[in-house]
Asker: 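Mind having a look at this structure? Questions to follow.
Please read all numbers here as calculations on a predicted model, not as lab measurements. Sequence positions, counted from 1, serve as the residue numbers for this chain.
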Amino acid sequence: MSTLSADLAHQPGPETVAEGLLTMLAVVPVCLLVAGYGRGVQELWARRGAGQIVPPWRVAAFGVGVLTVLAAEQGPAHELAESSFAGHMTQHMLFLLVAGPLLAAGGAGLPLTLAAPVPLRRLLARWRVTPAVRRLRRPTTYALLAGGGQSIVLWFWHLPEPYTAAVDHPVTHTAEHLCFLAAAWSFWAPVLGPPRHRAPAPVAVLALVGTMLPASALGAVLTLAPAPVYPARVFGADPLADQQLAGLLMWAPMDLVVLVVTLTVFLRWLRQLDRDRPAGLPRTATRPGTAAVPASAATEGERR
């Protein structure tokens, strides 16, 4: 995995070797993840028909999410992160606002479970039915916990000491990125995942807004701070301007993406309510202690 250099220009040495080893180690779980997902989707489509259970668009979303992770770690975003705080923030936004939602939309839970060895599947099945896990797996509980978890992860890794440790040590930097990816994947799963695992629309809206506000506050702190809050080695040529740009990169995209998704979820909820209770449906007239009488029958009685 990538890491920022202490002096911006990487020179051959222990840090470069550690970075190379981490990159090679990262390839293995990514390959296993993609292979397991593909194997599970193939088995589902062989049993139920192509495109069933996991639609092709979800498979495409998962693939693009994996490519986004690789691009953030070894593509142009990596080069930007090597030279500026704003570039590093771009990496973080790719994990939180692009890769995480796409991986969550891929609905990887069932395919990966089917691809797992039989003993592991049995262990997972026993684990899922335990009382504690069943409570945590409730969509409402899970959505609220995942939203709170993402906010904690975001703030923790942008505190001066953890962020500086991530800049100076490749292993810590890798842990930082894994935390962002895992938090984003978990947070977006009850919003964009398969319908059977989605949180109710009001809960999803609450979780989205509740997660957006702490992120906006952090972006505002970085943008409006009168002086740099991190050591000078993590910034580009102009530390304060670099920090302000990084704050804006967190503030504006986070608010825009979350607001768009929140409005979409809210409008979909209203449409669902309208379908469940159409406006033209005749209402029933009820009185205490009497059975419901259709409005049309009551009108006919008045005419007689």
Asker: How far does CZ of Phe62 sit from CG of Leu103, to the nearest 0.5 angstrom?
Answerer: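 It is 5.5 Å, given to the nearest 0.5 Å.
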
Asker: When the ring centroid of His158 is compared with that of His88, is the distance short of 6.0 Å?
Answerer: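 No: the rings miss the under 6.0 Å criterion.
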
Asker: Should Thr164 and Arg233 count as side-chain neighbours, where that means a heavy-atom distance under 4.5 Å?
Answerer: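 They are in contact (side-chain heavy atoms under 4.5 Å apart), so the answer is yes.
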
Asker: Is any side-chain heavy atom of Tyr37 less than 4.5 Å from a side-chain heavy atom of Val59?
Answerer: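 SC-SC contact between Tyr37 and Val59 confirmed.
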
Asker: Working to the nearest 0.5 Å, report the span between CD of Glu73 and CG of Leu94.
Answerer: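 Glu73 CD to Leu94 CG: 10.0 Å, rounded to 0.5 Å.
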
Asker: About how many Å separate CZ of Arg138 and CG of Leu144, when rounded to the nearest 0.5 Å?
Answerer: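 Between Leu144 CG and Arg138 CZ, I get 13.0 Å after rounding to 0.5 Å.
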
Asker: Tell me whether Leu33 is reachable from Val41 by hopping between hydrophobic residues (I, L, V, M, F, W, Y) whose side-chain heavy atoms are closer than 4.5 Å.
Answerer: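 Looking at the clustering, Leu33 is in the same group as Val41.
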
Asker: If the condition is salt bridge (charged side-chain N to carboxylate O under 4.0 Å, His left out), which residues does Arg47 pass it with, not counting sequence neighbours?
Answerer: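 For Arg47 the salt bridge (charged side-chain N to carboxylate O under 4.0 Å, His left out) partners, ignoring immediate neighbours, are Glu43.
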
Asker: How far apart are the closest heavy atoms of Leu222 and Met89, and which atoms are they?
Answerer: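 Here Leu222 and Met89 meet closest at CD1-CE, 3.8 Å.
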
Asker: Would you say that Val54 contacts Pro111 through its side chain, given a criterion of any heavy-atom pair below 4.5 Å between the two side chains?
Answerer: yes

Asker: Give me each pair satisfying salt bridge (charged side-chain N to carboxylate O under 4.0 Å, His left out) with a member in residues 99-123, each pair once, sequence neighbours excluded.
Answerer: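 As it turns out, there is no salt bridge (charged side-chain N to carboxylate O under 4.0 Å, His left out) pair with a partner in residues 99-123 once direct neighbours are skipped.
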
Asker: Which residues satisfy the side chain to side chain contact (heavy atoms under 4.5 Å, CB included) test with Trp57, sequence neighbours excluded?
Answerer: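 Residues passing side chain to side chain contact (heavy atoms under 4.5 Å, CB included) with Trp57: Pro55, Ala105.
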
Asker: Determine the minimum heavy-atom distance between Ala225 and Leu240, stating which atoms define it.
Answerer: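 Closest heavy-atom pair between Ala225 and Leu240: O-CD1, 3.6 Å.
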
Asker: With a 4.5 Å limit on heavy-atom distance, are the side chains of Arg196 and Leu110 in contact?
Answerer: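 Sidechains of Leu110 and Arg196: in contact.
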
Asker: Honestly curious: do Leu248 and Leu256 fall in one hydrophobic cluster under the side-chain, below-4.5 Å linking rule?
Answerer: no

Asker: If hydrophobic clusters are built from ILVMFWY residues whose side chains come within less than 4.5 Å, do Met212 and Trp251 share one?
Answerer: no

Asker: What residues, two or more places apart in sequence or in another chain, satisfy side chain to side chain contact (heavy atoms under 4.5 Å, CB included) together with Ala86?
Answerer: Ser84, Asp242, Leu245, Ala246, Leu249

Asker: So, taking the atom named CG in Leu213 and the one named CG in Leu218, what distance separates them when rounded to the nearest 0.5 Å?
Answerer: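 Those atoms lie 13.0 Å apart.
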
Asker: Short question: side chain of Arg198, backbone of Gly193 - any donor-acceptor pair under 3.5 Å?
Answerer: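 Side chain of Arg198 to backbone of Gly193, a donor-acceptor pair under 3.5 Å: yes, one is there.
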
Asker: Run the side chain to side chain contact (heavy atoms under 4.5 Å, CB included) check on Trp269 and Val205 step by step: do they pass?
Answerer: CA-CA 10 Å; Trp269 178 46; Val205 169; over 6 Å; no

Asker: Should Leu208 and Val260 be counted in the same cluster of Ile, Leu, Val, Met, Phe, Trp and Tyr side chains packed under 4.5 Å apart?
Answerer: no

Asker: Hey, could you give me the CZ/OG1 distance between Phe95 and Thr68, rounded to the nearest 0.5 Å?
Answerer: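 Rounded to the nearest 0.5 Å, the CZ-OG1 separation comes out at 10.0 Å.
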
Asker: Using modelled atom types only, decide if a donor and an acceptor are shared between the side chain of Thr141 and the backbone of Arg137 within a distance under 3.5 Å.
Answerer: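 Side chain of Thr141 to backbone of Arg137, a donor-acceptor pair under 3.5 Å: no, none is there.
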
Asker: Decide whether Phe180 and Phe156 are clustered together by the hydrophobic rule: side chain heavy atoms of Ile, Leu, Val, Met, Phe, Trp, Tyr closer than 4.5 Å, transitively.
Answerer: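 Linked within one cluster.
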
Asker: Please find the pair of heavy atoms, one from Ala199 and one from Ala143, that lie closest to each other, and give the distance.
Answerer: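 Looks like CB-CB, 3.7 Å.
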
Asker: Looking at side-chain heavy atoms only, is the closest gap between Val30 and Val69 below 4.5 Å?
Answerer: no

Asker: Given side chain to side chain contact (heavy atoms under 4.5 Å, CB included), test Met254 with Leu97 step by step and report yes or no.
Answerer: CA-CA 7 Å; Met254 181 72 75; Leu97 301 179; 3.6 Å; yes

Asker: Restricting to non-hydrogen atoms, name the atom on Ala77 and the atom on Gln91 that form the minimum distance, rounded to 0.1 Å.
Answerer: O-CG, 3.9 Å

Asker: Quick one: does Pro239's side chain get under 4.5 Å of Phe85's, heavy atoms only?
Answerer: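 Side-chain contact under 4.5 Å: no.
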
Asker: Scan the side chains in residues 127-134 for donor-acceptor partners under 3.5 Å anywhere in the protein, sequence neighbours excluded, and list what turns up.
Answerer:
from   : atom 1 : to     : atom 2 : distance (Å)
Thr130 : OG1    : Trp127 : O      : 2.8

Asker: Assess the residue pair Trp45 and Ile53 against the criterion (side chain to side chain contact (heavy atoms under 4.5 Å, CB included)); give the C-alpha distance rounded to whole Å, side-chain angles, the decisive distance to 0.1 Å, and a yes or no.
Answerer: CA-CA 8 Å; Trp45 287 1; Ile53 308 298; 5.7 Å; no

Asker: In terms of ring plane angle, is the pair Tyr230 and Tyr163 parallel, tilted or perpendicular, where the classes change at 30° and 60°?
Answerer: tilted

Asker: Are Leu96 and Gln150 close enough that some pair of their side-chain heavy atoms sits under 4.5 Å apart?
Answerer: yes

Asker: Could you tell me which residues satisfy side chain to side chain contact (heavy atoms under 4.5 Å, CB included) with Pro117, sequence neighbours excluded, listed by chain and number?
Answerer: Pro119, Leu120

Asker: Please examine the side chains of Tyr142 and Leu136, heavy atoms only from C-beta on, and report whether any two atoms are closer than 4.5 Å.
Answerer: no

Asker: Rounded to the nearest 0.5 Å, how far apart are CG of Leu70 and NE2 of His78?
Answerer: 13.0 Å

Asker: Could you report the tightest heavy-atom contact between Thr172 and Ala165, atom names first, then the distance?
Answerer: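 Result for this residue pair: CB-O, 3.7 Å.
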
Asker: Please find the pair of heavy atoms, one from Gln243 and one from Val229, that lie closest to each other, and give the distance.
Answerer: OE1-N, 2.8 Å

Asker: Go through it in stages, so that I can follow the logic: the residues are Val257 and Val98, the test is side chain to side chain contact (heavy atoms under 4.5 Å, CB included), and I'd like the CA-CA distance, side-chain angles, deciding distance and then a yes or no.
Answerer: CA-CA 10 Å; Val257 170; Val98 182; over 6 Å; no

